[in-house]
Structures are given as structure tokens and as C-alpha cells.
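Okay, structure first, notes after.
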Amino acid sequence: MHAPALEKSTNDELIAFKRSFLKDADTFAVNINGGDSAKDMSDKRHELRKMAHGLIDAAKNEKRQMTETESRAFEVCSNLLTDIQCAFDAKQDRTYAERGLMGASGVNNASTIQFGYDAEGRKIPLLGKEHRMADFFGAKGGHESFTAGEFLRSMILGPGNNQELRAALAEGTDSAGGYTVPDMVMAQLIDKMRAASHVISAGAITVPLTSDKTTIARIETDPTPGWRGENDSVSESEPTFSGVQFLPKSLAVLVKVSRELLEDSVNINTALEMALTAAMAQEADRVCLFGSGSGNEPTGLVNVSGVNVHAMADNGAALTNWAPLLATVQLLADNNAPDPTAAIMAPRTRFTLAGLVDTLGQPLRRPDLLEKLPLLSTTKCPVTEVQGTSGAVCSSVITGDFKQLFIGARTALRIEVLKERFADNLQYAFLAHLRMDVALAHSKAFAVLKGIKP
């Protein structure tokens with residue numbers, strides 16, 4: 001079906017097309033939720049969008065309004081696209097249940113995944129490190145036959161013979177030269193970014209944001225039960241609820257690559273993915289832990305009100321034993337927080353702890369309460385903090401239940417190719433843009449050990 005022939009025949013063709021695979025809503029739901037038919041439905045959605053754009057373009061090119069027949073055809077397209085989206089949403093809900101709520105053995109495993117709701121009341125998954133975003137959002141947009149790196153490379157060199165990649169590029173491009181990345185490609189990139197993140201390794205939860213304002217409910221205070229005598233009334237005690245609100249802010253990175261490298265390198269697809277995701281993961285780690293909260297930067301964990309703090313000394317001190325770290329874990333216990341899932345620190349601090357020795361020069365054994373605590377290190381933990389009169393030589397250790405740290409990732413990733421800016425060097429640049437935010441479900445679940453001198 002092509003745009004020039006639509007004026008007289010499109011309405012009838014679309015109605016026939018609709019009847020061919022959408023006899024009624026129930027039949028369509030069965031077809032699309034059959035598993036293998038999801039890609040077919042995605043292809044039909046692409047075809048419908050192409051037809052709808054053809055109607056608009058035909059009238060626009062001829063500088064006229066759409067005819068009555070074209071308007072009816074466009075309405076059929078729109079309604080059918082809505083039907084397809086509803087079916088995809090139904091399939092997505094079923095995917096949540098199958099992949100998130102039921103284990104491989106078929107035993108109910110609902111405690112392994114939680115759900116929240118956005119500002120419009122739509123259900124969204126809260127993804128732990130054991131979950132992949134691609135599992136939950138891949139079926140929504142198709143495009144499983146190519147990788148994120150192949151998509152990036154094809155933005156400059158073209159899609160070759162990959163028809164699905166060609167369709168993805170055609171659907172995503174716009175007059176500004178940018179690309180709205182397909183859901184599956186976006187999910188792949190964010191999953192690679194999450195895999196490279198230390199806070200995700202520590203247990204942080206990813207919230208895929210489907211709107212620019214998402215709120216996850218949390219309990220601030222628990223209800224208090226009371227003892228009562230026979231026939232006495234039960235005293236009322238209500239929990240205090242609040243919301244964890246995400247207001248995503250922009251995170252961007254620019255990666256340059258030469259034309260020769262794009263054409264000749266056999267692993268440029270993987271290298272492009274790694275360059276983009278590693279850069280974003282490192283900055284996401286930094287802002288999750290130490291974000292200032294001012295300007296365009298989210299508020300990091302150490303700057304959230306209510307987080308426990310233990311100082312080495314008024315002016316800082318060196319680590320000579322495990323007692324300071326044990327004291328931070330006690331702070332968590334004193335506040336009824338869950339057991340910590342990890343401690344994150346600078347590499348300098350981690351090696352200091354590994355090198356602790358007793359009076360006989362033997363490695364200093366960890367206390368039992370710290371024996372199984374993962375010690376993670378990242379260069380994004382600064383070693384230039386000031387504690388009292390110490391000067392800019394100190395660092396911190398952040399310990400806590402990182403499942404209480406939520407990273408809101410807006411499910412819309414945009415990539416632009418800058419073809420002219422570096423043209424005199426025969427270079428291209430990929431400009432990737434992602435929106436995210438950080439929030440704590442429970443601030444008392446974290447403790448910061450401050451003032452660690454080298």
C-alpha cells in the first residue's frame with residue numbers, strides 16, 4: 001500500500017486489512033499474546049504508521065486539507081493503532097506476571113519483585129539487579145534482531161540489508177537529525193549501564209519512568225499496636241505515608257569516532273555501546289552517592305536529610321581497625337534498618353581495610369557482623385573531602401541497604417549524530433541523552449562514615 005493510491009482506495013483497504021487480523025478484540029488479544037505473533041503485530045503497527053504519515057504527507061505536499069475519504073482512513077489508522085497498543089499493554093502485563101512473579105519452577109515468587117504506580121496510576125516494575133529492563137520492555141517495541149551497537153553504527157553508515165534495522169531508523173529519525181531509540185535498544189543500553197554501576201551491584205532498584213512525574217508510595221512510620229482489656233475499644237494508630245517522587249533530570253554524554261574506525265573496526269558496535277554506557281554508569285554512580293541536588297543535578301544519598309552519619313573524629317583520622325565501620329552498621333541497627341547489602345568506598349579506603357594487620361603483622365580479621373558485607377569501590381567516591389581542619393584529604397564509606405535507593409530512568413533515550421561539528425577531522429560524534437533521578441525509600445537505611453584520612 002502506497003500513499004499516492006490512498007485517495008480513493010485507502011479506506012476500503014484499511015477496513016479489509018483490519019478484518020484480516022482483527023476480527024474482534026478477543027481474537028486479536030489471543031493472537032498477539034501467543035508469543036511469536038508479537039513481532040507480526042509490531043510490523044503491522046509500523047505499516048499503519050507509515051500509511052498514516054503517507055496520508056498527512058500527501059495533503060501537505062499538495063498544500064491542501066485531507067479529503068473526507070483520507071480523513072476517514074486516517075481515523076481507521078488511529079483507532080487500529082490504539083487497539084494494537086492496548087493489546088501490547090495486555091501482553092506486557094502478562095510478561096510481568098510470567099517473568100517477575102513466577103519462577104522457573106512455577107512456584108509463586110511474588111516477593112522478588114515490587115510494583116509502583118506513576119502519576120497517572122499506571123503500574124511500573126521496580127527492577128532489582130537480578131532483573132533486566134529488556135525483559136519487561138523489549139516486547140513493547142520489537143527490534144530484537146539487532147543490538148544497540150548496530151543501531152548506533154547504522155545511524156551513520158546505514159542499515160545494510162537488515163530490514164528491521166532499516167524500519168527502526170526510519171521510525172526513529174526526525175527533521176532535527178536525531179533518533180528516538182526503539183524500546184528494545186533503549187532497554188539494552190540501560191541494562192548495560194546498570195551492569196556497570198556499583199550502586200546497582202549493591203542492590204539499588206531501577207524504576208523505569210513512563211512519565212515526567214512518577215511517585216512511589218512509602219511508609220514513613222509504622223502503626224503502633226496496643227494492649228486492651230476485655231470489652232475495651234481498640235486504640236487507633238495509623239501509619240504515616242509519603243511519596244518518593246521522581247523528577248527526571250538530563251544526563252548527556254558525547255562520544256567521538258572517526259569515519260575510518262566506523263568502517264574498518266570489527267568490534268566498533270561493542271566499543272560504542274561500552275563507551276556510552278560506561279560513561280553514563282560512572283556519572284550515575286557519582287550522582288546517586290554524592291549528587292549536590294543543586295541546579296540540574298539530582299540529590300545524592302549523602303546529601304539526603306535523615307541519613308545516619310558517623311565521623312572518624314572532629315578533624316578526621318586514619319582507619320587502623322574495623323571499629324569505625326562496625327559503628328556505622330550499629331547505627332543502622334539502632335534505627336531498625338534492614339541489614340546492609342554493601343559498603344561503597346574509594347579504592348584507597350578498600351585497600352587500606354584489606355591491608356589492616358594485627359600486632360603480629362597478620363591480616364586483621366573482620367568482625368563476624370561484617371564478614372559477609374560486600375566491600376565495593378569506585379573512583380567516584382572522592383578523596384578530597386574536608387573534615388574539620390583536615391584539609392581536602394578525606395573520604396567516606398557509605399553503608400546501607402541499597403534496595404532502599406531508587407534510580408528513576410526515564411524510558412526515552414535520544415541519540416543525535418553530529419556530522420558537521422568535527423567534519424574537518426573526518427570524525428562523527430554520538431550525543432546521547434537520558435533523563436533520570438535518584439530517591440531514597442528510607443533514609444535511615446544508610447549510614448555515612450566520614451573523615452577517613454589516608
Side-chain angles (χ1 to χ4, degrees), residues 92 95-96 99-100 113-120 122-141 143 148 151-152 172 179-216 243-253 273-291 293 296-301 380 402-415 430-441:
Q92 182 176 326
T95 300
Y96 290 156
R99 297 183 179 176
I113 187 168
Q114 303 176 55
F115 289 90
Y117 295 87
D118 65 13
E120 285 74 38
R122 292 172 295 193
K123 182 183 289 188
I124 52 176
L126 308 181
L127 306 180
K129 63 181 179 180
E130 68 275 17
H131 304 118
R132 294 176 62 249
M133 183 174 285
D135 289 336
F136 291 87
F137 292 91
K140 191 175 180 179
H143 310 308
F151 181 83
L152 295 174
Y179 288 82
T180 299
V181 181
D183 290 339
M184 187 65 180
V185 178
M186 175 277 300
Q188 289 179 23
L189 286 173
I190 294 182
D191 279 333
K192 289 181 181 295
M193 173 181 162
R194 293 171 72 238
S197 168
H198 289 81
V199 293
I200 294 292
S201 298
I205 300 297
T206 303
V207 182
L209 306 180
T210 55
S211 70
D212 59 359
K213 183 179 180 181
T214 302
T215 301
I216 305 297
V244 178
Q245 188 177 80
F246 296 95
L247 300 173
K249 298 183 179 180
S250 176
L251 175 64
V253 64
E273 288 185 37
M274 290 179 60
L276 289 173
T277 57
M280 285 191 164
Q282 290 178 24
E283 179 56 20
D285 269 350
R286 186 196 67 80
V287 81
C288 284
L289 300 174
F290 300 98
N296 297 318
E297 189 170 289
T299 302
L301 189 158
K380 294 304 176 181
F402 280 85
K403 295 191 298 295
Q404 306 300 318
L405 189 153
F406 289 170
I407 302 173
R410 183 75 167 93
T411 52
L413 177 65
R414 182 177 175 81
I415 298 178
F430 293 93
L431 181 61
H433 167 249
L434 175 69
R435 295 170 64 204
M436 61 168 289
D437 197 10
V438 183
L440 300 185

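Please read these numbers as outputs of a predicted model, since none were measured by experiment.
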- Item | Approximate separation, where rounding is to 0.5 Å, of T206 OG1 and L405 CG | 9.5 Å

- Note on the structure: Value for CE (M280) from NE2 (H433), rounded to nearest 0.5 Å, stands at 8.0 Å

- Drop me the distance from R194's CZ to H131's NE2, to the nearest 0.5 angstrom. 9.0 Å

- Task: Verify, without hydrogens or angle tests, whether K129 (side chain) and S201 (backbone) share a donor-acceptor contact under 3.5 angstrom.
- Result: yes

- Item | Taking every non-hydrogen atom, the tightest pair across V438 and F246 | C-CE2, 4.4 Å

- Message: Using 0.5 Å steps for rounding, measure from the NE2 atom of H198 to the CD atom of Q282.
- Response: 8.5 Å

- Item | Residues D437, V207; criterion side-chain contact (heavy atoms from CB on, under 4.5 Å); working and verdict | CA-CA 10 Å; D437 197 10; V207 182; over 6 Å; no

- May I ask you to test the R286-E297 pair for a side-chain heavy-atom distance under 4.5 Å? yes

- Between CG on residue N296 and OG on residue S250, distance to nearest 0.5 Å: 7.5 Å

- So, for V199 and S197, which heavy atoms are closest and what is the spacing to 0.1 Å? CG2-OG, 3.1 Å

- Task: State the CD1-CG distance between I205 and L127, to the nearest 0.5 angstrom.
- Result: 8.0 Å

- Message: List the residues meeting salt bridge (charged side-chain N to carboxylate O under 4.0 Å, His left out) with K192, not counting sequence neighbours, and say none if there are none.
- Response: E273

- Message: With side-chain contact (heavy atoms from CB on, under 4.5 Å) as the criterion, how do L434 and M193 come out once you've worked through the C-alpha distance, each side chain's angles and the decisive distance to 0.1 Å?
- Response: CA-CA 11 Å; L434 175 69; M193 173 181 162; 3.9 Å; yes

- Partners passing side-chain contact (heavy atoms from CB on, under 4.5 Å) against A196 (at least two apart in sequence or in another chain): A281

- Query: Going by heavy atoms in the side chains, are L209 and R410 under 4.5 Å from each other?
  - Reply: yes

- Query: Do K249 and V287 come within less than 4.5 Å of each other through their side chains, counting heavy atoms only?
  - Reply: no

